[in-house]
Amino acid sequence: MIYINQLSKHVDEQVTLKGWVYNYRSSGSLVFVEMRDGTGLTQCVIAKDDVSESTWEAASSLKQESSLEITGTVKADDRSIGGHEIHVSDVTVIQIAEDYPITPKDHGVEFLMNNRHLWLRSQRQWAAMRVRNEIIFAIHTFFQERNFVQMDSPIFTGNAAEGSTTLFETEFFEEPAYLAQTGQLYGEAMAMAHGLIYTFGPTFRAEKSKTRRHLSEFWMIEPEMAYYDLEMDMNLAEDMIRFIVKTVLDKRANELKILERDTTKLQALVDNPFIRMTYTEAVDILTSKATAQMLDDMLASRKEEEKALKKEREEIKKEHGSAKKWRKKQIEARQIEIGARLDQIEEDYRNIPKWKKSAQEFEWGNDFGGSDETVLTMQYDVPVMVTHWPAEIKAFYMKRDESGKHALGVDVLAPEGYGEIIGGSQREDDLEVMRERIAEEGLDESVFEWYLDLRKFGTVPHAGFGLGLERTVAWLCGLSHVRETIPFPRMMGRLTP
RNA sequence: UCCUCGGUAGCUCAGUGGCAGAGCAAUCGGCUGUUAACCGAUCGGUCGUUGGUUCGAAUCCAACCCGGGGAGCCA
């Protein structure tokens, strides 16, 4: 069987392709079928004079997403999508599809999400899933090449690990149980057995969050390393991200092109070290005059853009009346684009002053809000790693520095406003300190007995982090919402399909 | 939970107190190089729901339902 992504090896040969009609156009005695087979798209040309009457009838009856087998000669052709086209000699229809709901025109989010099972067939979604696959494979490759052992943490747990987040409650043989929000504590136990481990699995958060960065069910990668301190942890995280990005740029250039991803932004972090700063330094940056100035400049540039767009809109509006039909369509499309951008600018007008206020009035000891992360990361082309957080706002298991004020934790913030993709830390390895921390948090020590055992029987310095897969996919694909980074997202109000 | 925007044909939207509209999809016809093809015709409506104001409501008011974006929280 020949697949579309191998066509370049079969130019001027006769091939048979099996797939689906992605789009269909006809012109009298010519039919153009944009065919997809899961590996890519190619255009098939069926000329009435070149085929039998029954084949012509079959070809004329095709509709979007009909399944079919096509036999024909592969021709190199720059006019055609993918650079090849098939001059068809025979068509076998498997099924003429019913009216396909997702047309090649615009659709709203709700409609597309209700048809997620079909939406996955669309180009952009297809490309995103290919990138997701490449990222998953790169992560396994990265760790396996470094002798990490992949191990699995349980999904049913008897208690909340960090105490803070809301968990999904379920029932485990008449006992209350929760769906795991992290495998980290188990990861620590496994690292004490194997030295270097990582988990790769689903995690669940029941927070009623409705934002572009949240899912109720998402996939997390959590390496845990014995005899690692915070700096080694950070080096590993940086190496891993760089490896993932490099791999995707190398192997999924075509998909990134379909997604219209600006890859210069990704290339920047392959070539340059990540920014590292302490929380205190980050706060200084947020409250600095330079940051205020940057936001003022941003506002000013939005105003100029708005002026230019409004001017353009006036000009093409005048042109519209006397324009030819195709130009009219072009103008109308551009007007929609301008309208959308103006709406965005309008929103920026409301947001930027808030961001500025939040950044300028930031007080040491608070956690960063979404806008603070954005303001911080927009100043760099590479991820920003923030360390030494106020101990009070971080989890009980994080080790503290000598002062006792700072947690040896690290958040890795992705560029371009994609937010936190990694949270990690060096873990507290002292039994007594850990007991104190559990008590301070008001947690029930008895449920942590096994966890405390790790500090009784050959405790060692160790560290780890958690990488959010979907946020990473969104960032590398340049997608604005994590719901497009997983085949069937689970989020507030979305349990089907 | 709170803030904010929205719900009109299968889809995307216009219509802001006076006859329910357009483009796409679908159906029929035309076209031998289309690229979200194009051209002509046909078909297509519980204007989210309930109640209210009005001679008259998609339009104004109230409550509720559903969805988008955001806050909190986080990967």
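To find a chain, count down the sequence lines: A is the first, B the second, and so on, and within it residues start at 1.
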Any base atoms under 4.0 Å from A:Glu470, or only sugar-phosphate, or nothing? Heavy atoms, all strands. nothing

Closest of B:U34, B:G33, B:A75 to the A:Asp77 side chain is B:G33

Q.
When you measure only distances, ignoring hydrogens and angles, does the side chain of A:Arg471 come within 3.5 Å of the base of B:C74 through a donor and an acceptor?
A. yes

Heteroatom pairs (N/O) under 3.5 angstrom, protein to nucleotides 64-71 of chain B:
unit_1 : atom_1 : unit_2   : atom_2 : d
B:G68  : OP2    : A:Lys210 : NZ     : 3.2
B:G69  : OP1    : A:His481 : NE2    : 3.0
B:G69  : OP1    : A:Arg483 : NH1    : 3.0
B:G69  : OP1    : A:Arg483 : NH2    : 3.1
B:G69  : O3'    : A:Arg212 : NH2    : 3.1
B:G70  : OP1    : A:Arg212 : NE     : 2.1
B:G70  : OP1    : A:Arg212 : NH2    : 3.1
B:G70  : OP2    : A:Arg212 : N      : 2.7
B:G70  : N7     : A:Lys210 : O      : 3.3

If we take the P atom in both B:C19 and B:U12, what is their distance in whole Å?
-> 26 Å

(Q) For the P atoms, the ones on B:G51 and on B:C24, what distance do you get once it is rounded to whole angstrom? (A) 38 Å

Quote, to the nearest angstrom, the P distance that separates B:G15 from B:G21.
15 Å

Q.
Which label fits A:Trp389 and A:Tyr279: parallel for a plane angle under 30°, tilted from 30 to 60°, or perpendicular past 60°?
A. tilted

A:Val482 side chain near A:Pro489 side chain, heavy-atom distance below 4.5 Å:
no

So what does A:Glu98 hit on the nucleic acid, given a heavy-atom distance under 4.0 Å: a base, only sugar-phosphate, or nothing? nothing

So, with a heavy-atom separation below 4.0 Å from RNA chain B, the residues of residues 52-65 of chain A are A:Lys63

Is the distance between the ring centroids of A:Tyr198 and A:His140 under 6.0 Å?
yes

**OP:** Answer yes if the side chains of A:Ser52 and A:Ser54 hold a donor-acceptor pair under 3.5 Å, and no otherwise.
**Re:** yes

Using a heavy-atom cut-off of under 4.0 Å over every strand shown, decide if A:Thr472 touches base, sugar-phosphate, or nothing.
-> nothing

* Looking across every strand, which nucleic acid part, if any, lies under 4.0 Å from A:Leu215 by heavy atom: base, sugar-phosphate, or nothing? -> base

Nearest-nucleotide check on RNA chain B, A:Leu30 vs A:Tyr24; residue mapping nearer the 5' end is A:Leu30

Check the side chains of A:Tyr397 and A:Gln184 for a donor-acceptor pair under 3.5 angstrom, ignoring hydrogens and angles.
yes

* Asked: Taking the same atom, P, in B:C47 and in B:C11, what whole-Å distance lies between them?
  -> 15 Å

C1' gap between B:A63 and B:G70, integer Å:
25 Å

Among B:C11, B:U34, B:C74, the one nearest any side-chain atom of A:Glu373 is B:C74

Requested in this report: For A:Ile421, answer base if it contacts any base atom (sugar-phosphate contacts may also be present), sugar-phosphate if it contacts only those atoms, and nothing otherwise; contact means non-hydrogen atoms under 4.0 Å.
Outcome: sugar-phosphate

*asked:* Check whether A:Thr485 reaches the backbone of A:Ala474 with its side chain - one donor and one acceptor, N or O, closer than 3.5 Å.
replied: no

(Q) Quick one, A:Glu441 with A:Arg437, criterion salt bridge (Lys or Arg N to Asp or Glu O under 4.0 Å). Give me CA distance, side-chain angles, the key distance, then yes/no. (A) CA-CA 6 Å; A:Glu441 297 279 328; A:Arg437 295 289 299 122; 3.4 Å; yes

Quiz item: Quick one: does A:His214 reach the base of B:C74 with a side-chain donor-acceptor pair under 3.5 Å?
Solution: yes

Show the distances under 3.5 angstrom between N or O atoms of the protein and N or O atoms of nucleotides 41-47 of chain B.
none

Span that lies between the P atom of B:G69 and that of B:C13, in whole angstrom: 14 Å

A:Phe32 atom CZ is separated from B:G33 atom C1', nearest whole Å, by 4 Å

- prompt: Between A:Arg36 and A:Gln123, does any side-chain donor sit less than 3.5 Å from a side-chain acceptor?
  reply: no

Re B:A71: Watson-Crick or G-U wobble partner, both distances kept under 3.5 Å, found to be B:U1

Gap in Å between the two P atoms, one belonging to B:C64 and one to B:A71, rounded: 25 Å

_Polar contact flag, side-chain donor to acceptor under 3.5 angstrom, A:Glu222-A:Thr182_ = yes

Report task. Check the angle between the aromatic planes of A:Phe465 and A:Phe143 and answer parallel, tilted or perpendicular using the 30° and 60° thresholds. Result -> tilted

Answer for the Watson-Crick or wobble partner of B:G6, both distances under 3.5 Å, is B:C66

Paired to B:G21 by Watson-Crick or G-U wobble criteria (both distances under 3.5 Å) is B:C13

Applying the 3.5 Å cut-off to both distances, the Watson-Crick or G-U partner of B:A36 turns out to be none

Aromatic contact between A:Phe204 and A:Tyr178, with the criterion being ring centroids under 6.0 Å apart: yes or no? no

- Between B:U8 and B:G33, how far is it from one P atom to the other, in whole Å? 40 Å

Answer yes if the side chains of A:His462 and A:Glu188 hold a donor-acceptor pair under 3.5 Å, and no otherwise. yes

Side-chain contact check for A:Val45: nearest option of B:A75, B:C74, B:G33 is B:G33

If pairing means Watson-Crick or G-U wobble with both distances under 3.5 Å, then the partner of B:U59 is none

Worksheet item: Does the pair A:Arg471 and A:Glu373 meet the rule for a salt bridge (Lys or Arg N to Asp or Glu O under 4.0 Å), with working shown?
Response: CA-CA 14 Å; A:Arg471 285 189 185 174; A:Glu373 284 182 1; over 6 Å; no

